[in-house]
2 protein chains.
Amino acid sequence: MGLAKTEIFTDLQNEIAVIAKAFGHPARVAILQHLFKMDTCVCGDLVSEIGLAQPTISQHLKELKLLGLIKGNVEGTSVCYCIDSENWTKMKAIISQFLDQDLSNKNCC
Amino acid sequence: MGLAKTEIFTDLQNEIAVIAKAFGHPARVAILQHLFKMDTCVCGDLVSEIGLAQPTISQHLKELKLLGLIKGNVEGTSVCYCIDSENWTKMKAIISQFLDQDLSNKNCC
DNA sequence: TTTGTTCATTGCAATATTACGATGAATAAA
DNA sequence: TTTATTCATCGTAATATTGCAATGAACAAA
(Lines give C-alpha, C1' and ligand atoms only; values in the text may rest on other atoms or scores of the structure.)
Protein backbone atom coordinates (compact mmCIF):
# COMPACT_ATOMS: atom_id res chain seq x y z
CA MET A 1 0.00 0.00 0.00
CA GLY A 2 3.01 2.25 -0.28
CA LEU A 3 2.88 3.11 3.39
CA ALA A 4 5.07 1.53 6.03
CA LYS A 5 3.40 0.01 9.07
CA THR A 6 5.50 2.08 11.45
CA GLU A 7 3.31 1.26 14.45
CA ILE A 8 4.59 -2.30 14.65
CA PHE A 9 8.23 -1.25 14.90
CA THR A 10 10.25 0.26 17.71
CA ASP A 11 11.02 3.95 17.82
CA LEU A 12 14.65 3.21 17.13
CA GLN A 13 13.85 1.07 14.11
CA ASN A 14 11.67 3.82 12.71
CA GLU A 15 14.26 6.46 13.47
CA ILE A 16 17.01 4.55 11.73
CA ALA A 17 14.75 4.06 8.72
CA VAL A 18 13.82 7.75 8.52
CA ILE A 19 17.44 8.88 8.69
CA ALA A 20 18.56 6.27 6.18
CA LYS A 21 15.78 7.26 3.83
CA ALA A 22 17.20 10.78 3.74
CA PHE A 23 20.47 9.32 2.48
CA GLY A 24 18.57 7.10 0.07
CA HIS A 25 18.70 9.47 -2.88
CA PRO A 26 21.89 10.42 -4.72
CA ALA A 27 20.82 14.06 -4.98
CA ARG A 28 20.60 14.37 -1.21
CA VAL A 29 23.92 12.58 -0.83
CA ALA A 30 25.43 15.03 -3.32
CA ILE A 31 23.94 18.02 -1.51
CA LEU A 32 25.33 16.89 1.81
CA GLN A 33 28.75 16.14 0.34
CA HIS A 34 28.84 19.59 -1.24
CA LEU A 35 27.86 21.29 2.01
CA PHE A 36 30.68 19.42 3.70
CA LYS A 37 33.21 20.24 1.04
CA MET A 38 32.56 23.97 1.08
CA ASP A 39 34.23 25.63 3.98
CA THR A 40 31.56 28.25 4.03
CA CYS A 41 27.86 27.69 3.43
CA VAL A 42 26.40 27.32 0.00
CA CYS A 43 23.18 28.55 -1.47
CA GLY A 44 21.77 27.95 -4.89
CA ASP A 45 25.12 26.91 -6.31
CA LEU A 46 23.70 23.51 -5.56
CA VAL A 47 21.39 23.89 -8.51
CA SER A 48 24.25 24.47 -10.94
CA GLU A 49 26.56 22.08 -9.11
CA ILE A 50 24.08 19.22 -9.29
CA GLY A 51 22.24 18.91 -12.57
CA LEU A 52 18.68 19.07 -11.34
CA ALA A 53 16.05 21.76 -11.72
CA GLN A 54 15.75 24.38 -9.02
CA PRO A 55 12.40 23.18 -7.65
CA THR A 56 13.79 19.67 -7.39
CA ILE A 57 16.82 20.79 -5.39
CA SER A 58 14.60 22.96 -3.26
CA GLN A 59 12.44 19.95 -2.48
CA HIS A 60 15.41 17.81 -1.46
CA LEU A 61 16.72 20.65 0.70
CA LYS A 62 13.35 20.85 2.38
CA GLU A 63 13.46 17.18 3.33
CA LEU A 64 16.97 17.45 4.73
CA LYS A 65 15.97 20.56 6.64
CA LEU A 66 12.82 18.93 7.99
CA LEU A 67 14.90 16.07 9.32
CA GLY A 68 17.28 18.56 10.88
CA LEU A 69 20.38 17.53 8.97
CA ILE A 70 20.83 20.99 7.48
CA LYS A 71 19.98 24.56 8.37
CA GLY A 72 19.00 27.39 6.05
CA ASN A 73 19.54 31.09 6.60
CA VAL A 74 18.10 33.82 4.43
CA GLU A 75 20.66 36.34 3.20
CA GLY A 76 19.00 38.90 1.04
CA THR A 77 17.48 37.11 -1.92
CA SER A 78 19.58 34.03 -1.49
CA VAL A 79 19.42 31.31 1.12
CA CYS A 80 22.48 29.87 2.73
CA TYR A 81 22.42 26.22 3.69
CA CYS A 82 24.79 24.35 5.91
CA ILE A 83 25.12 21.14 7.87
CA ASP A 84 23.54 21.19 11.32
CA SER A 85 26.58 19.74 13.02
CA GLU A 86 24.84 18.99 16.29
CA ASN A 87 22.09 16.97 14.67
CA TRP A 88 24.49 15.40 12.22
CA THR A 89 26.52 14.06 15.13
CA LYS A 90 23.40 12.67 16.78
CA MET A 91 22.19 10.97 13.63
CA LYS A 92 25.63 9.62 12.92
CA ALA A 93 25.66 8.01 16.34
CA ILE A 94 22.33 6.32 15.74
CA ILE A 95 23.33 4.95 12.35
CA SER A 96 26.80 3.98 13.51
CA GLN A 97 25.40 1.98 16.40
CA PHE A 98 23.21 0.12 13.95
CA LEU A 99 26.07 -0.53 11.55
CA ASP A 100 28.46 -1.60 14.29
CA GLN A 101 26.53 -4.62 15.45
CA ASP A 102 28.70 -7.57 16.35
CA LEU A 103 29.70 -9.71 13.39
CA SER A 104 31.54 -12.47 15.28
CA ASN A 105 30.59 -15.96 14.09
CA LYS A 106 27.76 -14.60 12.02
CA ASN A 107 28.74 -16.58 8.97
CA CYS A 108 26.36 -19.43 9.52
CA CYS A 109 24.45 -21.28 6.82
CA MET B 1 8.72 11.04 -12.25
CA GLY B 2 9.45 8.74 -9.37
CA LEU B 3 12.78 7.79 -10.89
CA ALA B 4 16.12 9.13 -9.76
CA LYS B 5 18.44 10.64 -12.38
CA THR B 6 21.29 8.36 -11.39
CA GLU B 7 23.34 9.19 -14.48
CA ILE B 8 24.17 12.67 -13.25
CA PHE B 9 25.69 11.44 -10.00
CA THR B 10 28.96 9.74 -9.21
CA ASP B 11 29.15 6.00 -8.65
CA LEU B 12 29.85 6.58 -5.00
CA GLN B 13 26.86 8.84 -4.56
CA ASN B 14 24.62 6.26 -6.18
CA GLU B 15 26.15 3.47 -4.15
CA ILE B 16 25.62 5.30 -0.88
CA ALA B 17 22.02 5.99 -1.85
CA VAL B 18 21.32 2.38 -2.78
CA ILE B 19 22.73 1.06 0.49
CA ALA B 20 20.94 3.70 2.54
CA LYS B 21 17.69 2.93 0.78
CA ALA B 22 17.95 -0.65 2.00
CA PHE B 23 18.04 0.68 5.56
CA GLY B 24 15.23 3.07 4.76
CA HIS B 25 12.41 0.81 5.86
CA PRO B 26 11.81 -0.23 9.47
CA ALA B 27 10.98 -3.80 8.45
CA ARG B 28 14.38 -4.24 6.88
CA VAL B 29 16.04 -2.63 9.88
CA ALA B 30 14.15 -5.06 12.11
CA ILE B 31 15.13 -8.04 9.96
CA LEU B 32 18.80 -7.10 10.08
CA GLN B 33 18.70 -6.47 13.82
CA HIS B 34 17.10 -9.85 14.35
CA LEU B 35 19.67 -11.61 12.20
CA PHE B 36 22.37 -9.95 14.27
CA LYS B 37 20.76 -10.80 17.58
CA MET B 38 20.38 -14.48 16.86
CA ASP B 39 23.63 -16.31 17.31
CA THR B 40 22.56 -18.82 14.75
CA CYS B 41 20.69 -18.08 11.55
CA VAL B 42 16.97 -17.57 11.43
CA CYS B 43 14.39 -18.61 8.94
CA GLY B 44 10.71 -17.79 8.87
CA ASP B 45 10.67 -16.82 12.50
CA LEU B 46 11.01 -13.39 11.02
CA VAL B 47 7.39 -13.54 9.94
CA SER B 48 6.16 -14.16 13.48
CA GLU B 49 8.81 -11.94 15.04
CA ILE B 50 7.92 -8.96 12.88
CA GLY B 51 4.20 -8.44 12.40
CA LEU B 52 4.03 -8.48 8.62
CA ALA B 53 2.56 -11.03 6.22
CA GLN B 54 4.83 -13.72 4.86
CA PRO B 55 4.95 -12.39 1.28
CA THR B 56 5.88 -8.97 2.59
CA ILE B 57 8.78 -10.30 4.64
CA SER B 58 9.85 -12.42 1.72
CA GLN B 59 9.96 -9.36 -0.47
CA HIS B 60 12.09 -7.39 2.00
CA LEU B 61 14.43 -10.37 2.33
CA LYS B 62 14.75 -10.46 -1.43
CA GLU B 63 15.87 -6.85 -1.55
CA LEU B 64 18.43 -7.33 1.19
CA LYS B 65 19.70 -10.47 -0.54
CA LEU B 66 19.91 -8.73 -3.91
CA LEU B 67 22.04 -6.01 -2.36
CA GLY B 68 24.22 -8.67 -0.79
CA LEU B 69 23.63 -7.73 2.82
CA ILE B 70 22.23 -11.16 3.67
CA LYS B 71 22.56 -14.71 2.44
CA GLY B 72 19.89 -17.40 2.30
CA ASN B 73 20.42 -21.13 2.47
CA VAL B 74 17.75 -23.74 1.83
CA GLU B 75 17.43 -26.34 4.57
CA GLY B 76 14.66 -28.72 3.71
CA THR B 77 11.44 -26.79 3.45
CA SER B 78 12.77 -23.82 5.37
CA VAL B 79 15.27 -21.18 4.35
CA CYS B 80 17.96 -19.94 6.66
CA TYR B 81 19.00 -16.34 6.37
CA CYS B 82 22.03 -14.66 7.81
CA ILE B 83 24.14 -11.54 7.51
CA ASP B 84 26.77 -11.63 4.78
CA SER B 85 29.54 -10.41 7.03
CA GLU B 86 31.98 -9.67 4.25
CA ASN B 87 29.59 -7.46 2.35
CA TRP B 88 28.27 -5.93 5.54
CA THR B 89 31.77 -4.78 6.39
CA LYS B 90 32.25 -3.31 2.94
CA MET B 91 28.96 -1.43 3.04
CA LYS B 92 29.61 -0.24 6.54
CA ALA B 93 32.89 1.25 5.38
CA ILE B 94 31.19 3.12 2.55
CA ILE B 95 28.48 4.55 4.76
CA SER B 96 30.88 5.31 7.61
CA GLN B 97 33.15 7.27 5.33
CA PHE B 98 30.18 9.33 4.24
CA LEU B 99 29.02 9.91 7.80
CA ASP B 100 32.48 10.77 9.06
CA GLN B 101 33.02 13.85 6.96
CA ASP B 102 34.79 16.66 8.72
CA LEU B 103 32.53 18.84 10.81
CA SER B 104 35.08 21.45 11.93
CA ASN B 105 33.80 25.02 11.62
CA LYS B 106 30.75 23.87 9.72
CA ASN B 107 28.37 25.88 11.80
CA CYS B 108 28.15 28.82 9.50
CA CYS B 109 25.06 30.90 8.77
C1' DT C 1 0.93 -40.98 -3.26
C1' DT C 2 -1.21 -37.75 -0.39
C1' DT C 3 -0.90 -34.19 2.91
C1' DG C 4 1.15 -30.50 5.27
C1' DT C 5 4.83 -27.07 5.79
C1' DT C 6 7.71 -23.45 4.26
C1' DC C 7 8.83 -20.10 1.36
C1' DA C 8 8.82 -17.52 -3.34
C1' DT C 9 6.25 -15.34 -6.90
C1' DT C 10 2.41 -13.07 -9.11
C1' DG C 11 -0.97 -9.65 -9.40
C1' DC C 12 -3.05 -5.85 -7.65
C1' DA C 13 -4.50 -1.67 -4.82
C1' DA C 14 -3.00 2.18 -2.12
C1' DT C 15 0.32 5.38 -1.29
C1' DA C 16 4.99 7.62 -1.76
C1' DT C 17 8.68 9.59 -4.39
C1' DT C 18 10.89 12.10 -7.98
C1' DA C 19 11.10 15.67 -11.25
C1' DC C 20 9.77 19.87 -13.33
C1' DG C 21 6.95 23.83 -15.36
C1' DA C 22 4.42 27.55 -13.70
C1' DT C 23 3.85 30.71 -10.37
C1' DG C 24 4.42 33.40 -6.16
C1' DA C 25 7.00 35.85 -2.33
C1' DA C 26 10.87 38.48 -0.90
C1' DT C 27 14.51 41.29 -1.59
C1' DA C 28 18.04 44.06 -4.22
C1' DA C 29 19.20 47.08 -7.90
C1' DA C 30 18.07 50.49 -11.19
C1' DT D 1 8.26 52.09 -8.85
C1' DT D 2 9.95 48.86 -12.00
C1' DT D 3 12.84 45.09 -12.96
C1' DA D 4 15.69 41.28 -11.99
C1' DT D 5 17.22 37.63 -8.95
C1' DT D 6 16.66 33.95 -5.79
C1' DC D 7 14.21 30.68 -3.79
C1' DA D 8 9.74 28.25 -2.17
C1' DT D 9 5.40 26.28 -3.28
C1' DC D 10 1.75 24.29 -6.15
C1' DG D 11 0.13 21.16 -9.39
C1' DT D 12 0.85 17.28 -12.02
C1' DA D 13 2.85 13.25 -14.58
C1' DA D 14 5.65 9.21 -14.30
C1' DT D 15 7.42 5.78 -11.63
C1' DA D 16 8.55 3.30 -7.21
C1' DT D 17 7.33 1.25 -2.90
C1' DT D 18 4.61 -1.22 0.37
C1' DG D 19 1.51 -4.75 1.66
C1' DC D 20 -1.24 -8.72 1.06
C1' DA D 21 -4.30 -12.49 -0.93
C1' DA D 22 -3.85 -16.07 -4.01
C1' DT D 23 -1.09 -19.29 -5.88
C1' DG D 24 2.88 -22.16 -6.97
C1' DA D 25 7.24 -24.84 -6.06
C1' DA D 26 9.94 -27.79 -3.16
C1' DC D 27 10.41 -30.81 0.23
C1' DA D 28 9.19 -33.91 4.40
C1' DA D 29 6.15 -36.97 6.68
C1' DA D 30 2.54 -40.15 6.69
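Naming: A, B, ... by sequence-line order, numbering from 1 per chain. For clarity, every value in this text was computed on a predicted model and none was experimentally measured. Only this structure's heavy atoms are used, side chains among them; waters, hydrogens and symmetry mates stay out.
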Below 4.0 angstrom from OP1 or OP2 of D/dT6, is there any side-chain N or O of A/Y81? no
Any A/L32 side-chain heavy atom under 4.5 Å of A/F23 side chain: yes
When you measure from every atom of DNA chain D, which of residues 57-65 of chain B have a heavy atom less than 4.0 Å away? B/Q59, B/H60, B/E63
Among the nucleotides D/dT5, C/dG4, D/dG19, whichever has the atom closest to the side chain of B/T77 is C/dG4
Return the nearest nucleotide to the side chain of A/Q54; candidates are C/dG21, D/dA21, D/dC7. D/dC7
Round to the nearest Å and state the distance from A/K5 atom NZ to C/dA13 atom P. 19 Å
Tell me which of B/T6 and A/L3 sits closer to the 5' end of DNA chain C, going by the nucleotide each one is nearest to. A/L3
Would you confirm whether A/S96, through its side chain, and A/K92, through its main-chain N or O, come within 3.5 Å as a donor-acceptor pair? yes
Would you call the rings of A/F98 and B/W88 parallel, tilted or perpendicular, where under 30° means parallel and over 60° means perpendicular? perpendicular
Heavy atoms from C-beta onward define the side chain here; which of C/dA19, C/dC7, D/dC20 lies closest to that of A/L52? C/dA19
Without hydrogens or angle criteria, can the side chains of A/Q13 and B/Q33 be said to hold a donor-acceptor pair below 3.5 Å? yes
Using a cut-off of strictly less than 4.0 Å, decide whether A/T56 has a side-chain nitrogen or oxygen near OP1 or OP2 of C/dC20. yes
Does anything in residues 16-29 of chain A come within less than 4.0 Å of DNA chain C? Heavy atoms only, and list the residues if so. A/K21, A/H25, A/R28
